[in-house]
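Right, one structure below, let's go through it.
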Amino acid sequence: MSDAPAPAPSDLFDKVVNLCKRRGFVFPSAEIYGGFRSTYDYGPVGVLLLRNVKDAWWRSMVQLRHDVVGLDAAILSPPAIWEASGHLKNFTDPLVDCKVCRERFRLDRLDDPEVCPNCGSKHSFTEARQFNLMFKTYAGPVEGAGAEVYLRPETAQGMFTNFKNVLETSRKRPPFGIAQIGKSFRNEITPGNFVFRTREFEQMEMEYFVPPDESPRWYEYWCAERLAWYRDLGIPEHLLRLRAHDEDELSHYSVGTSDVEFLFPWGWDELEGIANRTDYDLRQHAAHSGERLEYFDQAAGERYVPHVIEPAAGATRTAMAFLMAAYDEEAVAREGQGKGEVRTVLRFHHRIAPYKVAVLPLSKKPELSAPATEVLALLQPHYMCDYDETQAIGRRYRRQDELGTPFCVTIDFDTLDDHAVTVRDRDTMAQDRVPIAGLLDHLRARLDA
Ligand code: ATP
């Protein structure tokens with residue numbers, strides 16, 4: 001596809017991070033105050049990207065199915081939930097301090113647990129202590145015992161605590177799922193790698209409740225479905241894999257977990273975990289709350305606690321993977337001139353691209369602004385559009401390439417006579433002259449395919 005060699009992995013990371021800042025995808029949080037460690041804000045283009053990732057997930061997991069319903073549960077939650085789920089006791093990472101340089105590390109993430117990666121000292125670590133990752137705060141004006149609440153470290157528990165409510169109101173029966181997208185918070189010991197690991201992030205999780213004897217089959221089903229989702233949205237095969245956890249990696253409640261992994265510049269790493277959680281969660285919440293969290297199968301005349309298959313993905317982490325996979329550089333002749341240059345282009349799948357169309361009047365002259373705003377008004381109800389009338393047209397095309405906009409629509413002086421516009425394709429740079437009357441159909445045929 002491209003003539004220039006693909007950027008080396010180490011360059012790719014820096015190039016994507018720079019582009020994110022330069023083009024308004026992601027900004028360091030609180031930057032005017034010197035930044036706030038490993039926290040990020042999504043800018044005008046990033047918010048569209050992130051929204052598209054979440055919409056694509058929701059479309060595939062809820063809209064296109066009849067067996068999954070949605071939920072939006074509270075972020076603030078009482079200790080009782082986390083007592084029952086096991087998070088208060090078990091949601092910990094092993095923390096070590098280097099006695100020489102005083103840096104902190106997560107022991108299970110060190111390449112060599114004997115050597116400090118910061119200062120190189122050997123055997124300089126303190127005894128590992130278990131550090132709970134949940135953020136604790138206080139509800140109401142009085143701080144202290146009894147007022148403690150937690151920011152959820154995952155969205156999943158909302159689906160378990162609402163199992164009965166959803167069962168009673170939605171007319172669903174196993175196998176059925178509850179899906180949720182939302183923010184989660186973890187006091188990570190070592191956040192980093194840009195938005196890959198942050199303390200505040202967004203998750204896309206679904207709990208799929210099934211009759212116990214069907215759980216192996218549904219586990220396989222969801223592993224395949226979820227891998228296909230990334231592939232169908234344009235992540236190339238060689239950057240994706242499904243990795244089954246070894247026995248000793250499994251959480252205590254899981255009888256099977258596989259991760260969808262992406263080849264990041266630093267190596268394979270997790271985008272999503274698909275776990276067969278058995279009936280652990282519903283039984284725990286039933287025992288702690290005193291509620292019956294079961295399903296009564298009238299036809300068979302039997303009562304059972306459903307087993308749960310959970311595909312749990314990260315929206316922010318996945319957005320980063322889409323950025324990494326889409327980044328490309330290619331040597332091209334400058335459009336309209338002979339000279340060569342390297343063009344940077346984000347080859348996003350149309351569904352993921354922040355803007356679908358950019359409307360570009362060739363000049364700022366009022367005679368072109370009028371038809372250009374008409375074209376914009378024609379397209380806006382259907383597609384997220386950018387409108388840009390500054391700079392030379394070649395530079396505007398380059399800007400849209402860096403935003404990953406699939407189509408640019410240029411209004412020029414001929415438009416005034418022929419009522420047609422030029423449609424430029426991001427990937428091929430091919431230009432078609434299209435009558436304004438047929439523009440929407442032209443774009444639909446390409447964007448909605
Ligand atoms: P890790 O091993 O990377 O800490 P995990 O196995 O604890 O992750 P899960 O609890 O399975 O992660 O969470 C599901 C998904 O949520 C992950 O696959 C990831 O995409 C996302 N996620 C988890 N923690 C973070 C984080 N700190 N920042 C961004 N995304 C995260």
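One-based numbering, in listed order, for ligands and for the atoms of each. Along the sequence shown, residues are numbered consecutively beginning with 1.
- No N or O atom of Thr316 sits closer than 3.5 Å to an N or O atom of ligand 1.
- Proximity of Arg109 to ligand 1, defined as any heavy-atom pair under 4.0 Å, is confined to the side chain (atoms from C-beta onward).
- Of the protein's non-hydrogen atoms, the one nearest atom 19 (C) of ligand 1 is Arg317 NH1, 3.4 Å.
- With a 4.0 Å cut-off on non-hydrogen atoms, Leu271 touches ligand 1 through its backbone and not its side chain.
- Within a 6.0 Å sphere centred on CZ of Arg51, other residues, nucleotides and ligands contribute 12 heavy atoms or fewer.
- Listed by number with element, the atoms of ligand 1 under 4.0 angstrom from any heavy atom of Glu188 are 24 (N), 26 (C), 27 (N).
- Looking at Glu272 against ligand 1, only its backbone comes within 4.0 Å, counting heavy atoms.
- Close approach to Ala312 involves these atoms of ligand 1, each under 4.0 Å from a residue heavy atom: 14 (C), 15 (C), 18 (O).
- Nearest protein heavy-atom neighbour of atom 10 (O) of ligand 1: Arg186 NH2, 2.9 Å.
- Atom 29 (C) of ligand 1 has as its closest protein heavy atom Phe196 O, 3.1 Å.
- Summarising the local packing, CZ of Arg395 is surrounded by 12 or fewer heavy atoms from other residues, nucleotides or ligands at distances under 6.0 Å.
- Donor-acceptor pairing under 3.5 Å is recorded for the side chains of Tyr230 and Glu272.
- Inspection of the Asp448 and Tyr383 side chains reveals an N or O donor paired with an N or O acceptor under 3.5 Å.
- Using a 4.0 Å heavy-atom cutoff, Arg106 is listed among the residues neighbouring ligand 1.
- Residues Tyr304 and Asp279 have side chains that never bring a donor and an acceptor to within less than 3.5 angstrom of each other.
- From the protein, the heavy atom lying nearest to atom 6 (O) of ligand 1 is Glu270 OE1, 3.2 Å.
- Residue, atom and distance of the protein heavy atom nearest to atom 16 (O) of ligand 1 are Gln203 NE2, 3.1 Å.
- Considering backbone and side-chain atoms together, Arg197 places an N or O closer than 3.5 Å to an N or O of ligand 1.
- Defined by atom type and a distance below 3.5 Å, a donor-acceptor pair is missing between the side-chain atoms of Thr92 and Asn132.
- Within a 6.0 Å sphere centred on CZ of Phe36, other residues, nucleotides and ligands contribute 12 heavy atoms or fewer.
- Taking every non-hydrogen atom of Thr198 and a distance limit under 4.0 Å, the qualifying atoms of ligand 1 come out as 26 (C), 27 (N), 28 (N).
- Within 6.0 Å of CZ on Arg171 lie no more than 12 heavy atoms contributed by other residues, nucleotides or ligands.
- Contact annotation: Glu310 has no heavy atom less than 4.0 Å from any atom of ligand 1.
- Atom 21 (C) of ligand 1 has its closest protein heavy atom at Gly314 CA, 3.7 Å.
- Judged by a 6.0 Å distance limit and a 45° cone about the ring axis, Arg226 is positioned over the six-membered ring of Trp229.
- Checked against a 3.5 angstrom limit, the closest N/O atoms of Phe201 and ligand 1 fall outside it.
- In this structure, Phe163 has its ring center closer than 6.0 angstrom to the ring center of Phe209.
- No heavy atom of Glu154 sits closer than 4.0 Å to any atom of ligand 1.
- Counting non-hydrogen atoms of other residues, nucleotides and ligands closer than 6.0 Å to CZ of Arg22 gives a total above 12.
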